[in-house]
Amino acid sequence: APPLLAQRDPRVTLSEFIYNSAPFQSAHASTIESSGGVLVAAWSADNGATWSKLAPTELPNPNAGVDGIMLKDGRALLVLNRSETERTPLNVAVSADGKSWTDLLTLEKDRGEYSYPAVIQTRDGLVHITYTWKRRRIKHVIVDPGAP
């Protein structure tokens, strides 16, 4: 099989599924945290009953959730969908001022739903992202935001 899109970008150091088979209709709303040097991820299931009712943000995003952090270098980083009508593509964008955003990379561009991202930066400077992958899996990607 060809490598996943994110695995072809030199800034991505790891791209993996951490949850592969949901015993329920949809898996979404992942979160990630670092505790004592150990990464912990969690997600929820609601069968679509409430997630689509979230209020839109000012960023181009189809109610799919957006998450962001302040990087150690002072830039802001967001994980978001750029489409107003679909939850594809899923992008990582950075900003020096919080007003203008530049796409750093595209995590997913194939047709499907990529949503509910969660993002943290660990002590080593790497950015860990989890998100819903086509409502069937939870994916974990590690990005080096300082890589060219």
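The basis for the numbers below is simple: all heavy atoms, side chains too, and nothing from hydrogens, waters or symmetry mates.
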Does the side chain of V79 reach to within under 4.5 Å of the side chain of L107, using non-hydrogen atoms?
-> yes
Provide the closest heavy-atom pair for K109 versus T106 in the form atom of the first, atom of the second, distance.
-> CB-CG2, 4.0 Å
Quick one: do I129 and V92 satisfy side-chain contact (heavy atoms from CB on, under 4.5 Å)? Show the steps, please.
-> CA-CA 10 Å; I129 303 164; V92 176; 3.9 Å; yes
Test side-chain contact (heavy atoms from CB on, under 4.5 Å) applied to S95 and R75, step by step = CA-CA 6 Å; S95 175; R75 295 179 296 163; over 6 Å; no
Transitive ILVMFWY side-chain link L77 to M70, under 4.5 Å | no
Full working for side-chain contact (heavy atoms from CB on, under 4.5 Å) between R11 and L104 = CA-CA 9 Å; R11 292 168 289 227; L104 182 65; 3.7 Å; yes
Is D103 reaching over with its side chain to a backbone N or O of L105, donor-acceptor style, under 3.5 angstrom?
-> no
Test item: K72 side-chain N/O and T122 main-chain N/O as donor-acceptor pair under 3.5 Å | yes
Atom pair CZ/OG of R135 and S115 - distance to nearest 0.5 Å | 6.0 Å
Under-4.0 Å salt bridge between K134 and E108 = no
Heavy-atom nearest pair, P145 first then G125, reads CD-O, 3.4 Å
With a 4.5 Å limit on heavy-atom distance, are the side chains of T88 and E113 in contact?
-> no
Looking at CG of L90 and CG of D110, how far apart are the two atoms once the value is rounded to the nearest 0.5 Å?
-> 12.0 Å
By side-chain hydrogen bond (donor to acceptor under 3.5 Å, both in side chains), which residues pair with T13, not counting sequence neighbours?
-> none
Test item: N81 side-chain N/O and N91 main-chain N/O as donor-acceptor pair under 3.5 Å = no
With V141, which of V12, V127, T130 fulfils side chain to side chain contact (heavy atoms under 4.5 Å, CB included)?
-> V12
Sorted by chain and residue number, the side-chain hydrogen bond (donor to acceptor under 3.5 Å, both in side chains) partners of D144 (sequence neighbours excluded) come out as none
Are any of the side-chain heavy atoms of Y131 and Y116 separated by less than 4.5 Å?
-> no
